[in-house]
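Written out below as structure tokens is the structure these notes cover.
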Amino acid sequence: MVALAADTDVETQLGRSLTTAEQDKVGDVLAKASDLFRREAEQDFTPGESTVRLKVEGGRVRLPQAPATEVTAVVDDDGADIDHELSGQWLTVTRDGTPMVSHEFVTVTYSHGGAVPDLVRITIAEIAAKVLRAPAQAQAGIVTQQRSAGGFQETNTYAAWALGGGTTLSPEDRAVARSFRYRGTKVIVCQP
């Protein structure tokens with residue numbers, strides 16, 4: 001998939017141009033950071049097409065990838081075409097003018113995505129910039145370091161999420177990604 005930020009976004013975060021060594025590395029860092037962010041957010045962010053099977057609830061289904069831009073097909077489990085109307089992320093599904101009942105399923109093929117939100121682009125660029133400018137100790141996962149001349153003592157504290165110094169999402173990055181998840185609840189519709 002396409003990275004959610006560009007080299008120029010990383011340069012903006014660094015406040016300088018990328019070195020030759022950084023240019024060789026930044027593509028892989030952006031790709032990994034983008035993939036990790038997408039998984040945590042449960043969103044693709046870039047234009048694409050998905051086919052999903054969804055349970056009807058009260059004559060509607062919610063399309064998971066946002067923003068939904070166009071619905072190209074809606075069929076029931078028997079392969080019959082279903083009438084539909086898209087409103088935001090919600091798809092109203094009817095059969096012969098009557099809303100489908102809540103125990104039925106539909107398979108929807110739809111287009112989604114658009115411009116990557118600025119918050120996502122900047123977060124991905126910040127992740128890449130952290131990886132590129134991290135000193136060797138931080139890449140090893142050291143959060144704090146204490147040294148003492150008397151007795152030659154050294155104490156290092158490592159962040160659990162930073163061990164290995166690779167491209168990872170910090171707790172703050174995870175929180176940003178999760179903010180793009182759908183937080184709604186299931187609606188149960190009872191018919192008299």
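For the residue pair His84 / Thr92, no side-chain donor-acceptor distance below 3.5 Å is found, with atom types taken as modelled.
Checking side-chain atoms of Thr109 against main-chain N and O of Ala73 turns up no donor-acceptor pair under 3.5 Å. Judged by distance alone, with hydrogens and angles left aside, the side-chain atoms of Glu11 form a donor-acceptor pair with the main-chain N or O of Leu18 at under 3.5 Å. For the pair Asp9 (side chain) and Ala6 (backbone), a donor-acceptor distance under 3.5 Å is present. Ser34 places a side-chain N or O within 3.5 Å of a backbone atom of Leu4 that can act as its donor or acceptor partner. Distance alone, capped at 3.5 Å, places no donor-acceptor pair between the Ser87 side chain and the Trp90 backbone.
Distance check, rounded to the nearest 0.5 Å: CZ of Arg16 to CZ of Arg133 gives 8.5 Å. Here the straight-line distance linking atom CZ of Phe180 with atom CZ of Phe37 works out to 5.5 Å at 0.5 Å rounding. In this structure, Ser102 OG and Glu57 CD are separated by 6.5 Å, a value rounded to the nearest 0.5 Å. One distance of note links CZ of Arg174 with OG of Ser179; it measures 14.0 Å at 0.5 Å rounding.
Residues Val108 and Val75 are members of separate hydrophobic clusters, defined by side-chain heavy-atom contacts under 4.5 angstrom among Ile, Leu, Val, Met, Phe, Trp and Tyr. Each of Val74 and Phe105 belongs to its own hydrophobic cluster when Ile, Leu, Val, Met, Phe, Trp and Tyr are linked at side-chain heavy-atom distances under 4.5 angstrom. Met1 and Leu30 are members of different hydrophobic clusters when ILVMFWY side chains are connected at heavy-atom separations under 4.5 Å. Linking Ile, Leu, Val, Met, Phe, Trp and Tyr whenever their side-chain heavy atoms come within less than 4.5 Å leaves Ile124 and Val2 in two separate clusters. Clustering ILVMFWY residues whenever any of their side-chain heavy atoms sit less than 4.5 angstrom apart, transitively, puts Ile122 in a cluster other than the one holding Val10.
Looking at heavy atoms from C-beta onward, Thr167 lies out of side-chain contact with Lys130 at the 4.5 angstrom threshold. Looking at heavy atoms from C-beta onward, Arg62 lies out of side-chain contact with Leu54 at the 4.5 angstrom threshold. By the 4.5 Å heavy-atom criterion applied to side chains, Glu70 and Tyr110 are not counted as neighbours. Using a 4.5 Å heavy-atom cutoff, the side chains of Thr94 and Met100 are not in contact. With a 4.5 Å cut-off on side-chain heavy atoms, Pro64 and Tyr182 do not count as touching. Using a 4.5 Å cut-off on side-chain heavy atoms (C-beta onward), His112 and Asp44 make contact.
A pairwise comparison of heavy atoms in Pro67 and Gly114 identifies CD-N, 4.5 Å as the closest pair. For Gln65 against Gln89, the heavy-atom pair with the smallest separation is O-NE2, 2.9 Å. Looking at every heavy atom in both residues, Leu63 comes nearest to Ala68 through CD1-CB, 3.8 Å. Closest of all the heavy-atom pairs between Val56 and Val61 is CA-CG1, 3.8 Å. Annotation for Asp173 and Ile127: closest pair OD2-CG1, 3.3 Å, computed over non-hydrogen atoms. Here the closest heavy-atom approach between residue Ser111 and residue Glu49 is recorded as OG-OE2, 4.1 Å.
Ion pairing between Lys32 and Asp28 fails under the 4.0 Å rule for side-chain N and carboxylate O.
Evaluation of the salt bridge (charged side-chain N to carboxylate O under 4.0 Å, His left out) test over residues 77-93, restricted to residues two or more places apart or in two chains, returns Arg53-Asp77. Counting only residues at least two apart or in different chains, salt bridge (charged side-chain N to carboxylate O under 4.0 Å, His left out) contacts with residues 101-119 comprise Arg95-Glu104, Asp118-Arg121.
Crowding of Arg178 atom CZ: a count of heavy atoms from other residues, nucleotides or ligands under 6.0 Å exceeding 12.
Every residue two or more places apart in sequence or in another chain that forms a salt bridge (charged side-chain N to carboxylate O under 4.0 Å, His left out) with Glu42 is listed here: Arg181.
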- Task: Kindly indicate, with the supporting measurements, whether the criterion side chain to side chain contact (heavy atoms under 4.5 Å, CB included) is fulfilled by Val26 and Leu132.
- Result: CA-CA 8 Å; Val26 74; Leu132 295 177; 4.0 Å; yes
